[in-house]
Amino acid sequence: MAKDSLRDEEKLVVIGGSAGSLPVIMFILQHLKPTLRIPVVVVLHRKSDSDSSLSTLMAHRAKLVVKEADDKDPIIPGMIYLAPPDYHLLVERDKHFSLDDSEKINYSRPSIDVTFESAAEAYGKGTVGILLSGANADGVDGLQVIQEHGGIIAVQDPSSAQVPYMPQAAVNQLKVERILGIQDIPGFIDSL
Amino acid sequence: MDNAIGEQEMALLLSDLLELYGYDFTDYAKASLKRRLNRLFTLDRFPSFAELRYQVRNDAEYARRCVEQITVNVTEMFRDPAFYHALRTEVLPVLATYPFIRIWHAGCSTGEEVYSMAILLKEANLLHKSLLYATDINTQVLQKAATGIFPLSQMKQYSENYIASGGKEDFSSYYTASYNSAKFDEELSRRMVFSTHNLVSESSFNQFQLIMCRNVLIYFEKELQGRVFALFDESLEKLGYLAVGSKETIKFSPIANRYRQESKEKIWRKIH
Ligand SMILES: C[S@@+](CC[C@H](N)C(=O)[O-])C[C@H]1O[C@@H](n2cnc3c(N)ncnc32)[C@H](O)[C@@H]1O
């Protein structure tokens with residue numbers, strides 16, 4: 001038991017999505033088991049002027065606690081964190097978040113690459129990156145870094161995506177181990 | 001894709017900057033700092049880490065460029081309009097009761113925040129009795145700030161922010177447009193003092209009724225944030241205001257118990 005929880009603490013799920021990914025995120029949150037002992041970080045491209053209502057919306061659906069990440073928040077297993085609008089969300093090696101308002105990457109802030117890459121450096125092979133529907137290639141480089149660090153990478157099956165460009169770019173450029181239908185993503189996370 | 005600068009390389013560069021030039025970045029948040037260093041490495045096309053390090057160690061000019069490039073200077077006028085609205089309606093009416101108003105913008109970057117504040121003060125008819133101290137670690141951005149010249153292409157966005165913050169004037173009446181730039185009235189900059197100041201290593205230099213330090217603390221590790229809060233506490237008069245960025249907080253810091261958040265925005269008041 002103690003050994004298990006120690007092992008779980010070393011894992012981190014990072015999910016990135018852009019155009020067409022919101023319903024998928026909502027589905028995932030709704031179906032994750034409340035007993036999940038791994039932290040989940042969600043990076044969504046959204047309009048910079050959007051307020052914090054997205055995390056409220058997500059909290060309504062999820063059985064786990066959802067929080068928009070604040071600067072220096074510790075990363076706690078079983079929590080769902082959402083990247084705040086207009087900042088990059090970085091994962092520090094001693095397992096907390098920090099924020100950064102540097103230039104947009106891939107026209108995006110938050111950028112999925114930034115979170116994925118820093119997550120890979122902090123959690124190494126415990127990192128699990130999942131890339132969903134989107135119209136831009138943000139997140140593909142990040143998945144590659146996760147893979148280079150021994151982590152697991154997965155994408156939403158492009159044929160199930162409202163906008164297949166983003167997961168398709170990952171499939172074209174990388175060796176993606178898991179190409180998942182929407183229905184299968186929550187189970188995949190629960191089984192980690 | 002592999003980064004040239006990892007943890008070890010970063011540690012070497014940081015100790016060079018500290019030992020040779022007195023710039024202490026060792027307590028900055030590492031994930032962001034490492035990205036900035038790798039960005040510089042790519043930008044300046046170094047063939048190897050050793051060459052970047054050599055340049056930093058042997059060329060003071062380049063070391064300064066390094067400092068300027070690893071700090072993030074992104075900013076805008078009336079950033080987070082709701083915050084500026086709170087300054088207008090909650091803070092300025094209190095500051096108005098003082099015979100003289102001193103404000104410190106710590107980490108002011110290229111000055112957009114300072115000009116925004118000057119506009120608020122002017123509209124509240126307080127600018128004539130105010131002084132805005134604007135400081136940053138980066139001399140280059142301060143030089144820009146002092147000119148009061150910003151890209152004309154930004155003015156549409158800034159004007160929208162201004163209106164959302166409760167501004168009622170014609171925003172373009174504050175600047176003169178020429179070619180691609182907008183030069184803000186000297187009436188605004190006349191009340192500003194620009195100076196380098198390093199929050200990590202320098203001490204308090206005056207007493208203020210309002211300190212703004214927005215989107216600077218996110219780059220610091222928690223312990224350094226605490227030290228900088230202590231510096232602000234030392235520099236703030238009783239009942240003065242301390243304002244931070246929309247994702248930063250005074251809560252959980254060593255000075256938290258002497259401050260009260262009276263606003264929905266990230267503005268705290270020193271109550272003890
Ligand atoms: C992202 S900008 C924030 C500008 C403005 N306050 C805003 O919120 O839009 C951060 C600024 O903090 C400055 N800075 C970083 N480290 C500093 C230090 N140790 N002392 C003073 N300024 C620092 C940077 O040079 C940069 O101009």
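Quick note on labels: first sequence line is chain A, next is B, and so on, each numbered from 1.
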(message) Can you see whether B:F83 has B:R214 sitting over its ring - NZ or CZ less than 6.0 Å from the centre and within 45° of the normal?
(response) yes

(message) Taking the basic N atoms (NZ, or NE/NH1/NH2) and the acidic carboxylate oxygens, is any pair closer than 4.0 Å for A:D86 and A:R109?
(response) yes

(request) Let me see the working for B:E113 and B:E76 under side-chain contact (heavy atoms from CB on, under 4.5 Å), right down to the final yes or no. (result) CA-CA 7 Å; B:E113 178 186 286; B:E76 58 184 77; over 6 Å; no

(message) Heavy-atom cut-off 4.5 Å, strictly under: side chain, backbone, both or neither for B:F252 against chain A?
(response) neither

(request) Select one option (side chain, backbone, both, neither) describing which atoms of A:E121 are under 4.5 Å from chain B's heavy atoms. (result) side chain

(request) Please state whether the side chain, the backbone, both or neither of A:S102 comes within less than 4.5 Å of a heavy atom of chain B. (result) both

(message) Heavy-atom pairs under 4.5 Å with chain B - which of A:H88, A:E103, A:H96, A:E92 has more of them than the others?
(response) A:E92

(request) State plainly whether the residues B:K30 and B:E221 are in salt-bridge range, i.e. N to O under 4.0 Å. (result) yes

(request) Sort A:A69 into side chain, backbone, both or neither according to what part of it lies under 4.5 angstrom from a heavy atom of chain B. (result) backbone

(request) Inspect the contact between B:K144 and B:D136 and indicate whether a charged nitrogen and a carboxylate oxygen are less than 4.0 angstrom apart. (result) no

(request) Using non-hydrogen atoms and a 4.5 Å limit, figure out which bit of A:V114 sits close to chain B: side chain, backbone, both or neither. (result) both

(message) Surrounding NZ of A:K125 (heavy atoms of other residues, nucleotides or ligands, distance under 6.0 Å), is the total greater than 12?
(response) no

(request) Side chain from CB out, backbone as N, CA, C, O: work out which of these in A:L89 comes under 4.5 Å of a heavy atom of chain B, or both, or neither. (result) neither

(request) Measure the CG-CD distance between A:D141 and A:E148 for me, rounded to the nearest 0.5 Å. (result) 9.5 Å

(request) Measure distances from B:V74 to the heavy atoms of chain A and classify the residue's part below 4.5 Å as side chain, backbone, both or neither. (result) both

(request) Can you tell which part of B:S246 gets under 4.5 Å to a heavy atom of chain A, answering side chain, backbone, both or neither? (result) both

